[in-house]
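Each remark here refers to the structure printed beneath this line.
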Amino acid sequence: MKVSIIKPRWVVRGFHPDGSPEIQEDVAVAFSDGMICEIAPLDKINQKYANSKINYHNEHILTPGFVNSHHHLGLTPFQLGAPDLPLEIWFAARLGMRSTNIYLDTLFSAFEMLSSGVTTVQHIQGWAAGDLENVYKSSKDVLRAYSDIGMRVSYCYALREQNKFVYEDDDIFCAALPEQIGKALSLNLAEHRVELEDYIQLFEHLFNDNQSKIARVQLAPANLHWMTDKGLLTLKEVSKNSMFRCICTF
C-alpha cells in the first residue's frame with residue numbers, strides 16, 4: 001500500500017458541540033488511495049510510514065471537503081447569453097442561451113468546485129429537451145462526468161409539471177400571446193415537458209443503473225408552484241413506500 005503524507009500548518013478535524021472548529025497544529029495526515037489512514041504528530045507518522053514522501057505546506061490549513069448543497073450547471077446562464085434578471089424575465093432570456101455538451105459542462109463545473117475545495121455536490125438538473133430517452137441520456141451524462149472525475153454527487157432531475165413560464169396554466173398563457181410567439185413558446189415548453197409517469201420511470205432507471213459508490217440518485221419536485229397536487233402526493237408515496245428517499249429543492 002503506497003502511503004503519502006501531507007504536513008500543513010493546521011488541520012481542521014471537525015467541530016465541537018458548541019460549533020467551534022476543532023483545529024490541530026503540528027500534525028500530519030497520512031493517506032492512501034483517497035482514504036485517510038491516520039492523523040497524528042509528524043514524528044509518529046514519519047516513524048510508522050518511514051518510506052513515504054512528505055509534502056510540506058507550512059502556511060496552509062487542511063480542511064474537510066466542502067459541500068455545495070445546490071448546484072445546476074457549469075457555464076452560467078450569463079456566460080451563455082442570458083443576463084442576470086428577475087426570475088420571471090430571466091426565464092424568457094434563457095430561451096436564447098447557447099446550448100452546451102452536458103457531459104463537458106458538468107466536468108467544467110466539477111473542475112471549478114474541486115479547485116475551491118468542494119468535494120461533494122447536490123446536482124439538480126433540469127431543462128433537458130426531448131422525450132424520456134433523451135432526458136435519460138442527458139442525466140446519465142451528468143452522472144458519468146462526476147464518476148469520471150471521482151467526485152461525490154447527490155443527483156436529481158427536477159420535475160416541473162405546470163406554470164413553467166409564468167404563474168398560470170401554460171396553455172392559457174401561450175394562447176394570450178401574439179399567435180406566432182405563442183406557438184413558438186408552446187412548442188418550446190412541450191419539448192421540455194416530462195410527464196409524471198415518465199419521471200418516475202426515469203428516476204427508477206437512474207437509481208437501478210447507478211453502481212457508483214460515490215453517487216446517489218434522488219427524487220426532486222422543483223418547486224411548489226411547478227407541481228400539481230397529484231405530482232407531490234405521488235412523489236411522497238414513491239418515497240414512503242420504498243427504500244427511496246425524496247429530497248425537496250424548494
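All residue numbers in this chain count up from 1 along the given sequence.
Not a single ring-ring contact (aromatic ring centres under 6.0 Å, His included) links His192 to another residue, sequence neighbours left out. Under the ring-ring contact (aromatic ring centres under 6.0 Å, His included) criterion, Trp10 pairs with no residue at all, not counting sequence neighbours.
Counting heavy atoms from C-beta on, the side chains of Thr120 and Asn68 never come closer than 4.5 Å. At a threshold of 4.5 Å between non-hydrogen side-chain atoms, the residues Cys156 and Gln122 count as touching. Contact annotation: the side chain of His205 approaches that of Gln201 to within less than 4.5 Å [non-hydrogen atoms, C-beta and beyond]. Using a 4.5 Å heavy-atom cutoff, the side chains of Val12 and Glu22 are not in contact. Annotation: side chain of Ile23 is not in contact with side chain of Arg13 (no heavy-atom distance under 4.5 Å). Contact annotation: the side chain of Leu235 approaches that of Met227 to within less than 4.5 Å [non-hydrogen atoms, C-beta and beyond].
Grouping Ile, Leu, Val, Met, Phe, Trp and Tyr by side-chain contacts under 4.5 Å, direct or through others, leaves Phe15 on its own. Connectivity analysis of hydrophobic side chains (ILVMFWY, heavy atoms under 4.5 Å, direct or indirect) links Leu187 to nothing; its cluster partners are none. Met97 forms part of a hydrophobic cluster together with Leu75, Leu80, Phe108, judged by ILVMFWY side-chain heavy-atom separations under 4.5 Å. Counting Ile, Leu, Val, Met, Phe, Trp and Tyr side chains that sit under 4.5 Å apart, directly or through other members, Phe165 shares a hydrophobic cluster with Leu85, Leu87, Ile89, Trp90, Phe91, Leu95, Trp127, Val166, Tyr167, Phe173, Leu177, Ile181, Leu185, Leu189, Trp226.
Remark: the Gln162 side chain and the Thr228 side chain contain no N/O donor-acceptor pair separated by less than 3.5 Å. Between the side chains of Tyr155 and Gln218, no donor-acceptor pair is found at a separation under 3.5 Å.
When all heavy atoms are compared, the tightest approach of Gly231 to Leu196 is CA-CD2, 3.9 Å.
Counted within 6.0 Å of CD on Glu133, heavy atoms from surrounding residues, nucleotides or ligands total 12 or fewer; the atom is thus considered open.
A distance-only check finds a donor-acceptor pair linking the side chain of Tyr199 to the backbone of Tyr157 [under 3.5 Å].
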